[in-house]
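Numbered from 1 within each chain, the chains take letters A, B, ... in sequence-line order. All values below were derived from every heavy atom in this structure, side-chain atoms included, with hydrogens, water molecules and symmetry-related copies excluded.
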Amino acid sequence: MADKKLLLIDGNSVAFRAFYALYRQLESFKSPDGLHTNAIYAFKNMLDVLLKDVEPTHILVAFDAGKVTFRTKMYGEYKGGRAKTPEELLEQMPYIQEMLHDLGIKTYELKNYEADDIIGTFATKGEENGFQTTIVTGDRDLTQLASDKTTVEVTKSGVSELEAYTPEHMKEVNGVTPTEFIDMKALMGDNSDNYPGVTKVGPKTASRLTQKYGSVENLYEHVDEMKKSKLKENLINDKDKAFLAKKLATIDRDSPVTIDIDDVKRQPVDYEKLRQFYEKLNFRKFLAELNASGKGQDDTATEKVEYTVLDDHNFKDVKVTENDQVEFYLAMLGANYHLADFVGFSLKINDQIYVSKDVELLEEDNLKHLLEDEKIKKNVFDLKRTTVGLHRLGIHAHGLDYDMLLASYLVNNENNSNDLGEIAHLYGDYSVKTDMEVYGKGKSEHIPDDDILFNHLASKVNAIEKLKEPLLKKLKEHEQDDLFDTIEIPTARVLAKMEMNGMKVEASTLIQLQNEFAVKLKELEDKIYEQAGERFNLNSPKQLGHILFEKLGLPVLKKTKTGYSTSVEVLDQLKTQSPIVSEILDYRQIAKIQSTYVKGLLDVIQPDGRVHTRYLQTLTATGRLSSVDPNLQNIPTRTEEGKQIRKAFVPSEPDGYIFSCDYSQVELRVLAHVSGDAHMQEAFKTGYDIHSHTAMKIFHLDSPDQVTPLMRRHAKAVNFGIVYGISDYGLSKNLGISRKRAKEFIDNYFEQYPQIKDYMNKAVQEARDKGYAETIMHRRRYLPDIHAKKYTVRAFAERTAINSPIQGSAADIIKIAMINMQKKLDELHLKTKMVVQVHDELIFDVPKDELETIKKIVPEVMQSAVKLDVPLIADSGWGHNWYDAK
DNA sequence: CTGATCACG
DNA sequence: ACGTACGTGATCAGT
């Protein structure tokens with residue numbers, strides 16, 4: 001017999017979560033009849049995940065039957081004062097029930113009882129009948145039902161993440177057993193259900209008392225023995241409240257339900273009705289799934305795309321003029337397009353689609369011309385990838401001036417997918433599958449049969465064409481057409497050049513370092529093992545924690561989720577306790593450099609003696625680039641050992657130079673600009689050292705001479721903190737000063753730079769009003785969490801609202817500088833190559849005789865990228881390797 | 001595949 | 001009473 005598995009879902013609570021998970025898309029999720037469908041859609045998505053994970057034999061979705069329950073009769077204020085359920089959600093509830101019915105899932109509600117009680121009752125039935133039970137809810141109340149046979153999954157942020165409450169997890173979180181959780185709630189009450197517990201008792205105190213006394217009843221038997229205290233007084237005064245709260249908090253595990261466990265057995269899906277339902281609500285994704293599964297089909301079978309397969313004979317038939325609409329897609333298997341195998345290509349010219357696996361056809365005159373002619377405009381998905389791929393075939397692409405990937409990134413960068421199919425789905429087009437569906441993943445990744453592959457490639461060019469207009473319309477609505485045309489598209493072209501050029505890395509230098517570091521590491525290892533009295537894996541935080549905190553008995557200053565923390569922060573404080581600690585720190589530092597940089601870089605030097613990174617242009621939330629394979633944006637610079645790595649980065653020509661130019665304080669200058677703060681602007685205009693200036697301001701000094709190095713260091717941290725959306729706690733931790741002192745710094749700061757404070761308030765308010773934060777070039781970052789109920793979540797969104805326009809505008813600025821820079825290099829026919837970007841810094845590979853020109857033009861171009869209310873300053877350095885270019 | 005750690009701006 | 005600085009990527013251990 002199959003396993004007996006019971007899934008119990010709190011329908012109202014999950015629908016509520018589902019509704020808010022897609023709240024931002026509320027108005028885009030509408031059926032043709034005008035019904036909102038976001039909660040129905042998200043509910044189904046979540047249900048699919050659950051069905052897959054749990055594989056239940058029995059399911060019940062319980063709903064609340066109405067406002068009046070035995071609890072409201074007991075206590076009139078129960079769940080009073082709650083915000084009314086939004087009408088847009090209420091209207092969806094019957095449809096959720098209808099959908100569940102079509103899916104063969106039982107729904108149930110019971111007059112006078114809440115969904116919780118139905119679930120409690122079935123959880124009991126499940127335990128009695130030998131079921132393994134999973135409960136899913138958005139409400140922590142139900143966690144009291146957790147047992148060895150019953151797991152309670154509580155939805156975390158959104159609906160996709162779940163927190164599994166087992167008795168063990170309950171113990172970790174609340175320090176009590178599931179049953180004791182009821183007593184804990186009795187003492188602390190429940191704000192969201194609007195009943196009080198004992199005055200001044202919160203989760204901490206409630207947990208402590210429950211752990212000590214086990215139950216409310218037992219606590220009150222012993223209350224007289226307690227020491228005189230405010231707490232004791234409160235406990236005595238609020239005894240009635242506590243007992244009432246206990247009744248309210250207790251889920252009825254024996255409510256008079258009229259159905260039994262056999263009635264919730266999963267029934268067959270009614271595919272025909274389900275299809276009609278999806279059609280009525282315009283759920284194209286689920287319809288596509290139905291089609292794909294071949295279930296409940298009618299005459300709308302999976303869309304087959306018409307295409308012509310190109311080969312040696314017919315490729316000449318492809319003809320194109322400047323007026324044609326052209327889409328092109330070049331397929332490679334694998335993320336790293338510098339190396340990945342070609343799979344094929346697809347080409348759409350007006351209504352005609354061509355596909356082929358033979359990418360060498362692209363080198364034929366007519367096709368090569370099509371791709372290289374600037375006047376023939378091509379729409380693509382991932383301009384940079386396409387450009388690099390074609391370059392490997394000897395084709396120099398021009399006229400790629402629309403990129404679906406970049407467009408979708410600008411419109412909404414919450415989803416950072418790089419998959420054409422996934423992105424198409426976001427915009428309601430399910431005609432194209434994801435690469436994962438077609439190619440598989442991991443071990444089973446493979447190229448499918450021709451008809452499937454060709455259909456996939458054809459559907460891609462189709463989707464690029466279909467979604468172009470809607471995406472351009474969105475860009476226009478967002479006032480992002482300039483950002484798209486004059487920044488992102490040209491940046492993609494510049495980055496393609498930088499990546500293809502790559503940077504020369506001398507393996508010999510790295511190998512020499514590798515040997516030196518190996519000796520140092522061996523010495524350190526020996527010393528550490530000797531003091532530890534045993535050999536162990538130094539790279540394992542777990543084993544290291546065991547040695548330091550259990551064997552050697554060092555004090556535990558910080559813990560992680562999984563055990564002792566052994567981070568730098570902790571070890572730095574323990575340095576004085578034992579010499580082993582300093583040696584571990586040294587070991588860690590060198591081991592990091594050895595494995596990540598020396599070994600890591602050696603692995604990615606290509607046969608041309610160079611590394612070819614990929615800049616990810618559509619990943620970050622702020623508009624910055626990121627760099628992978630290898631990451632050239634985190635090459636060490638802070639320690640001398642680390643810095644040595646930079647000696648391996650050399651110019652192409654032996655007597656050439658690496659030239660580096662970085663913006664000075666670009667983020668603070670952006671802040672001075674966007675805030676309009678007169679004092680900060682003045683400081684930048686007069687060319688003050690900004691951190692000293694800040695030190696003068698916050699320490700009330702008259703002259704820069706009075707600023708000590710410590711004051712400057714503190715002021716610098718405050719300036720950084722401001723950019724990050726400061727808190728006194730964060731600053732105090734960073735500087736190792738008291739929280740009070742940190743608060744003084746911040747207060748002084750805002751007093752001295754009042755418009756900065758105004759800016760921060762305005763940034764947060766604007767994010768609340770608009771739902772997003774925006775850079776000087778209209779790059780957006782959506783911040784749905786700005787309305788979150790939980791303080792931590794909301795506060796994070798607020799800091800983000802402050803930081804994103806600053807970090808993002810700085811990213812806009814350097815992108816403009818890069819575009820102008822490449823243009824200048826081309827105009828002057830220089831051989832110098834721009835090779836690396838590190839957020840506020842550009843690195844160049846310069847032939848000897850161009851150094852003087854570069855010294856002059858690079859800072860000029862960078863400083864004039866945009867016109868701010870304060871000057872932009874860029875500082876240069878150069879040498880025969882990256883280390884010396886400072 | 002996730003978490004801890006540490007490299008960068 | 002609570003928990004916090006903003007962005008990233010690579011490596012390793014251990015589930």
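In this view, A:S565 and A:S567 satisfy the side chain to side chain donor-acceptor pair (under 3.5 Å) rule, not counting sequence neighbours. Remark: A:D747 engages A:K743 in a side chain to side chain donor-acceptor pair (under 3.5 Å) (not counting sequence neighbours). Applying the side chain to side chain donor-acceptor pair (under 3.5 Å) test to A:Y663 and every residue at least two apart in sequence or in another chain returns nothing. Residues satisfying the salt bridge (charged side-chain N to carboxylate O under 4.0 Å, His left out) test with A:R712, not counting sequence neighbours, are A:D689.
Between the side chain of A:Q807 and the base of C:dC6, a donor-acceptor pair under 3.5 Å is found.
Picking from C:dG7, C:dA5, C:dG3 the nucleotide with the shortest atom distance to the side chain of A:A717 gives C:dA5. Side-chain atoms of A:S540 lie closest to C:dA13 of the nucleotides C:dA13, B:dG9, C:dG9.
Comparing A:L601 and A:V723, the nucleotide of DNA chain C nearest to each residue sits closer to the 5' end for A:V723. Residue order along DNA chain C, read from the 5' end via each residue's closest nucleotide, puts A:P203 first among A:S804 and A:P203.
Ring planes of A:F536 and A:Y529: perpendicular class, angle over 60° (limits at 30 and 60°).
Sorted by first and then second residue, the side-chain hydrogen bond (donor to acceptor under 3.5 Å, both in side chains) pairs involving residues 541-551 of chain A (not counting sequence neighbours) are A:E534-A:K551, A:H546-A:E550, A:E550-A:Y564. Applying the salt bridge (Lys or Arg N to Asp or Glu O under 4.0 Å) definition to pairs two or more places apart or across chains, those involving residues 621-649 of chain A are A:R614-A:D629, A:R624-A:E667. Here ring-ring contact (aromatic ring centres under 6.0 Å, His included) pairs that include residues 722-743 of chain A, with residues two or more places apart or in two chains, number zero. Sorted by first and then second residue, the pairs that involve residues 590-599 of chain A and meet side-chain hydrogen bond (donor to acceptor under 3.5 Å, both in side chains), not counting sequence neighbours, are A:Y597-A:N634. The stretch residues 196-206 of chain A participates, sequence neighbours left out, in no salt bridge (Lys or Arg N to Asp or Glu O under 4.0 Å) pair at all.
Rounded to the nearest 0.5 angstrom, A:T618 OG1 and A:E488 CD are separated by 9.5 Å.
Note on A:D840: only backbone sugar-phosphate atoms sit closer than 4.0 angstrom, heavy atoms only; bases stay farther off. At a threshold of 4.0 angstrom between heavy atoms, the contacts of A:N537 are confined to the sugar-phosphate backbone, with no base atom among them. A:R588 comes within contact range of the sugar-phosphate backbone alone, with a heavy-atom separation under 4.0 Å but no base atom that close.
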Between the protein and nucleotides 2-4 of chain B, list the N/O to N/O atom pairs that are separated by less than 3.5 angstrom.
{"residue": "B:dA4", "atom": "OP1", "partner": "A:K561", "partner atom": "N", "Å": "3.1"}

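For DNA chain B, no neighbouring residue in residues 770-803 of chain A is found when judged by any heavy atom under 4.0 Å.
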Strand DNA chain C as a dot-bracket string - pairs counted if Watson-Crick or G-U with both distances under 3.5 Å, | where the partner lies in another strand: .....|||||||||.
